[in-house]
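What follows is a short report on a single structure.
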2 protein chains.
Amino acid sequence: MRQFTWDDLQYFLAVARTGQLTTAARRLRTNHVTVSRRIDRLEEALSARLFERNPRGYILTALGEKLIESAEIVEREADRFQNEASGGTISLSGVVRLSILEGFANFFLADRLPLMAQSYPSLSIEMVTIQQIVSLSRREADLSITLHATRTGPYHQEKLMPYRLFIYGSKDYLSRHPEIRQQSDLSSHQFIGYIEDMIFTPGLDYMREILPGLRASYQSSSIFAQLSATRSSFGLCILPYYIACNYPELVPVLPRQLHLNRDYWLICHEDIVSTPRIRVLSNFIKSELENQTEIFGGQSLLA
Amino acid sequence: MRQFTWDDLQYFLAVARTGQLTTAARRLRTNHVTVSRRIDRLEEALSARLFERNPRGYILTALGEKLIESAEIVEREADRFQNEASGGTISLSGVVRLSILEGFANFFLADRLPLMAQSYPSLSIEMVTIQQIVSLSRREADLSITLHATRTGPYHQEKLMPYRLFIYGSKDYLSRHPEIRQQSDLSSHQFIGYIEDMIFTPGLDYMREILPGLRASYQSSSIFAQLSATRSSFGLCILPYYIACNYPELVPVLPRQLHLNRDYWLICHEDIVSTPRIRVLSNFIKSELENQTEIFGGQSLLA
DNA sequence: CAGTGAATGTACATTTTTGTACTTATTATG
DNA sequence: CATAATAAGTACAAAAATGTACATTCACTG
């Protein structure tokens, strides 16, 4: 009979949090096969079933749910151990340059990163909000958040968070136009979107995907500008739920029929993935994202 | 660069507690080579030195000392995890039969084991105090505490605790006799000891080792009887420090020159070593022994 | 209702970890 | 001062864990 090893708790937590072997594997810098085997082994050692398996992912059993808390204490303390061993906070210094998509940077990280920065006074954090993909290979950034994994290369990449986009209009704008009942009603509206020639990553080409043939009449390379235009009733705009939900005057249009799914990815060089300053920062981002799936998924609009 | 794994904390704790690779290895059911490698790896991952190495054993550095606490929290919580996963306290039932040397049983465990038994109401603990080695192979006991490791066989065995024995006499007895200044003065005294034909384990043959040629004039197979006789001033007796130190009327004789070292060993079948009820009991015994090295070693008498 | 994508599952080659046998070093002992 | 005992260190063989490539399953989509 297999024996229980503390290390497997790390795998347990990763799978519990991501709900998937594959995503957990990326987070643990290994592959789904290994994760699967270690979960099997853990269950065997405990003679208990921790997850329900299905082809779409793993979900915690009631027992697994109960054990999360305990595993998290182990995690917290192991982290503390590692931190103290490395001399604690003081030793964390230097510069980390983050290259982050504008929306995520401004609407999620902007008011959270400073808190982090405070805890590490001698660590200097540089957040570059980008509209072009910044080259990690030329070290223009240490850590990058994008919409896609890179095909190959010496990078560590993990899926950070899925999010969902809907079509929004302001209350005012919608009240001045006939009610939108089906997709075809949209063609008579004005749209706000990205500048087509400047779309630097396929994931941002929303219009082509959701409203093929339509063209935005007001185009900006900045999501902030698009949001402003939408709020001032210029027209309809495709926006992430996690951004739009902060503005009560914005109303989703046909949310059940029309929405898009995207994923944020966290990417960095293999060489630096395990350095303390990178680890601290990426752990911070991941921990801030935890339990925020509703904010990013906008499930309430689909029910 | 190696990466930090939670599992290595188990090795860290074991070495910190036993002070030796070899003993830690037995406790972890592996060998000293593996333990050494995992400590090396841990230190490398943390870029920090946790132990001072020398041929007699490993001792914690100041940093290592500081980290113990954190590692112990991890341990406690990992144990809790394992316990809860297996259904918690309730599932722990059945019988465990312990076969324990009389002295250790009566003078150390007797008033501690009941506490343990209380926490597991449906677990029934049977403590057999033995003067013959009980056969583990015929399952006359599940867990056994002895003075020696068995030569071979399908057993898990670990060194539990070293202890030291001294020659004692009562204050009254010693005051009625001329002062004992050297070993040769002892031959004129009456001795209390084990019945020679009934010494079932070589480790109990104290007299031959410390006072060759002498024979005890009062012999009993029970250490309790020997203690009583010594306290009532019948003569001198070789007693473990951890027992004698509870009786202020007992005075050690030539402690620096004359003392014996012994070790308690914990032995059980490989097959059952990892069952919860065995694990709980042996962990309890080990935890009760922790920080009791002074009581067992009697270092104060050697200084 | 076939095709695509994204997930888990399986088989085998590779790498890593572990254990055994032996060597070396230090302490206690006669 | 040699010898025994006990611990750590080293080299190589055995065993186990890992990663890659491929197969399978299920949901979504046109």
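In what follows, chains carry the letters A, B, and so on, assigned in the order in which the sequence lines appear, proteins first and then strands, with residues in each chain numbered from 1.
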Choosing from C:dG9, D:dG9, D:dT20, which nucleotide comes nearest the side chain of B:Y58?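 When the side chain of B:Y58 is considered, D:dG9 is the closest of C:dG9, D:dG9, D:dT20.
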Measuring centre to centre across the rings, with the benzene-like ring taken for any Trp, is A:Y163 within less than 6.0 Å of A:Y241? no
Return the value, rounded to whole Å, for the distance between atom [atom1] of [X] and atom [atom2] of [N].
{"X": "A:R262", "N": "C:dA6", "atom1": "CZ", "atom2": "P", "answer": "11 Å"}
{"X": "B:I59", "N": "D:dA7", "atom1": "CD1", "atom2": "P", "answer": "16 Å"}
{"X": "A:R37", "N": "C:dA11", "atom1": "CZ", "atom2": "P", "answer": "12 Å"}
{"X": "A:K159", "N": "C:dA6", "atom1": "NZ", "atom2": "C1'", "answer": "7 Å"}

DNA chain C-proximal residues of residues 9-32 of chain A, any heavy atom under 4.0 Å: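 Within residues 9-32 of chain A, the residues near DNA chain C are A:Q20, A:L21, A:T22, A:H32.
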Would you call A:R17-A:E75 a salt bridge at under 4.0 Å N-O? yes
Does this structure show an ion pair linking A:R53 with A:D40, if we count only N-O contacts that are shorter than 4.0 Å?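 Yes, A:R53 and A:D40 are salt-bridged.
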Mapping A:S36 and B:T34 onto DNA chain C by nearest heavy atom, which one lands closer to the 5' end?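 Closest to the 5' end, via its nearest nucleotide, is A:S36.
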Are B:R41 and C:dT17 close enough that a side-chain N or O sits under 4.0 Å from OP1 or OP2? yes
Contacts of B:K159 that satisfy side chain to side chain donor-acceptor pair (under 3.5 Å) - sequence neighbours left out: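 With neighbours one apart ignored, the set is empty.
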Start with the C-alpha distance between A:F81 and B:W6, add both sets of side-chain angles, then the distance that settles side chain to side chain contact (heavy atoms under 4.5 Å, CB included), and finish with yes or no. CA-CA 10 Å; A:F81 182 99; B:W6 298 357; over 6 Å; no
May I have the step-by-step check of salt bridge (charged side-chain N to carboxylate O under 4.0 Å, His left out) for A:R49 and A:E44, ending in yes or no? CA-CA 8 Å; A:R49 185 134 281 234; A:E44 201 183 323; over 6 Å; no
